[in-house]
Novice: 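Below is the structure I would like to discuss, written out as structure tokens.
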Amino acid sequence: MTTSPTPPDAVTRILAAIRAVPAGQVAGYGHIAARAGLPGRARLVARVLREHHAPSLPWHRIVRSDGAIAIPRTSPGFDEQVRRLRREGVVVTNGRVRMPAAETPDTLDAVLWGPAARR
DNA sequence: ACGCTGACATTGT
DNA sequence: AACAATGCCAGCG
């Protein structure tokens with residue numbers, strides 16, 4: 001299998017994907033990576049976010065796939081992210097946000113085996 | 001080149 | 001929910 005080289009404009013596309021997230025909504029790192037045409041490059045998205053914390057960039061809308069804030073609570077950025085999210089109407093409890101319905105779709109298993117089968 | 005580390009994801013306990 | 005094991009890839013020493 002040929003290696004999938006990281007395109008030179010990967011960062012640009014990642015930034016575009018982040019900016020595409022509407023206010024009041026959150027997206028996971030993998031989601032952003034996939035949207036940027038870089039499936040499986042979630043860690044690259046994390047690196048980009050750490051470097052490019054520009055004011056125009058809605059960095060606070062990016063959380064982990066399980067809805068948890070990706071930065072340690074002891075970090076100063078943590079509180080600010082929570083503030084920014086709440087300002088947009090996002091419910092944040094204990095460093096964790098409720099993932100939007102689109103991000104937590106019912107799987108076929110859930111339909112067949114019942115809600116109890118959901119993770 | 002080698003091993004670690006990291007604002008991650010997925011799967012299985 | 002929490003932890004461990006893998007996979008992933010870019011920097012750094």
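Just so it is clear: chains get the letters A, B, ... in the order the sequence lines come, proteins before strands, and each one is counted from 1. The shown structure was predicted, so the numbers you read here are calculated from the model rather than taken from an experiment.
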Novice: On the nucleotide B:dC8, are OP1 or OP2 found under 4.0 Å from the side-chain N or O atoms that A:Ser65 carries?
Specialist: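 No, outside the criterion.
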
Novice: By nearest atom, which of the nucleotides B:dA7, B:dT10, C:dG11 is closest to the A:Arg47 side chain?
Specialist: C:dG11

Novice: Reckon A:Thr6 has a side-chain N or O less than 4.0 Å from the OP1 or OP2 of C:dA10?
Specialist: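 A:Thr6 to C:dA10 OP1/OP2: side-chain N or O found under 4.0 Å.
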
Novice: Got a second to check how far A:Ile18's CD1 is from A:Leu57's CG, nearest 0.5 Å?
Specialist: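 Those atoms lie 5.0 Å apart.
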
Novice: Calculate the interatomic distance between A:Ile32 atom CD1 and C:dC9 atom C1'; express it in whole Å.
Specialist: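 Atom-to-atom, A:Ile32 to C:dC9, this comes out as 18 Å.
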
Novice: State, yes or no, whether a side-chain contact exists between A:Arg47 and A:Arg50 at a heavy-atom distance under 4.5 Å.
Specialist: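 A:Arg47 vs A:Arg50: side chains touch.
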
Novice: Does a side-chain heavy-atom distance below 4.5 Å link A:His31 with A:Ser65?
Specialist: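 Answer no - side chains too far apart.
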
Novice: Can you tell which of B:dA9, C:dC8, B:dA7 lies closest to the side chain of A:Arg41?
Specialist: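 Nearest to the side-chain atoms of A:Arg41, counting from C-beta on, is C:dC8.
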
Novice: Could you measure between the two C1' atoms, the one in B:dA7 and the one in C:dG13, and give it in whole Å?
Specialist: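 Rounded to whole Å, the distance is 23 Å.
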
Novice: Can you list, by residue number, the residues of residues 50-62 of chain A that have a non-hydrogen atom closer than 4.0 angstrom to DNA chain B?
Specialist: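 Listed by number, they are A:Arg50, A:Trp59.
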
Novice: What is the distance, rounded to the nearest whole Å, between atom CZ of A:Arg64 and atom C1' of B:dA9?
Specialist: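 Checked: the CZ to C1' distance equals 10 Å.
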
Novice: Rounded to the nearest Å, what distance is computed from the CZ atom of residue A:Arg43 to the P atom of nucleotide B:dC4?
Specialist: 14 Å

Novice: B:dC8 P sits how many Å from A:Ile14 CD1, rounded?
Specialist: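 The distance from CD1 of A:Ile14 to P of B:dC8 comes to 14 Å, rounded to the nearest Å.
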
Novice: Tell me if a side-chain donor or acceptor on A:Gln81 pairs with a main-chain N or O of A:Ile62 at a distance below 3.5 Å.
Specialist: yes

Novice: Quick one: side chain to side chain contact (heavy atoms under 4.5 Å, CB included) partners of A:Val82, sequence neighbours excluded?
Specialist: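 Checked A:Val82 against side chain to side chain contact (heavy atoms under 4.5 Å, CB included); matches are A:Phe78, A:Arg86, A:Val92.
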
Novice: Within a reach of under 6.0 Å around CZ of A:Arg35, are more than 12 heavy atoms found that belong to other residues, nucleotides or ligands?
Specialist: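 12 or below, so no.
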
Novice: Counting C-beta onward and ignoring hydrogens, is there a side-chain heavy-atom pair between A:His60 and A:Arg83 closer than 4.5 Å?
Specialist: no

Novice: Just the rounded figure in Å: distance from C1' of C:dC3 to CG of A:Asp66.
Specialist: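 About 13 Å, once rounded to whole Å.
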
Novice: Hey, is A:Glu80 close enough to A:Arg84 for a salt bridge, meaning N to O under 4.0 Å?
Specialist: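 A:Arg84 and A:Glu80: salt-bridged.
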
Novice: Please list residues of residues 85-93 of chain A whose heavy atoms come under 4.0 Å from any atom in DNA chain B, ordered by number; otherwise none.
Specialist: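 The answer is none.
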
Novice: Output the distance between atom OG1 (A:Thr12) and atom NE2 (A:His52), rounded to the nearest 0.5 Å.
Specialist: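 Reported value, rounded in 0.5 Å steps: 8.5 Å.
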
Novice: With respect to the side chain of A:Tyr29, which nucleotide from B:dC8, C:dA10, C:dC8 is positioned closest?
Specialist: B:dC8

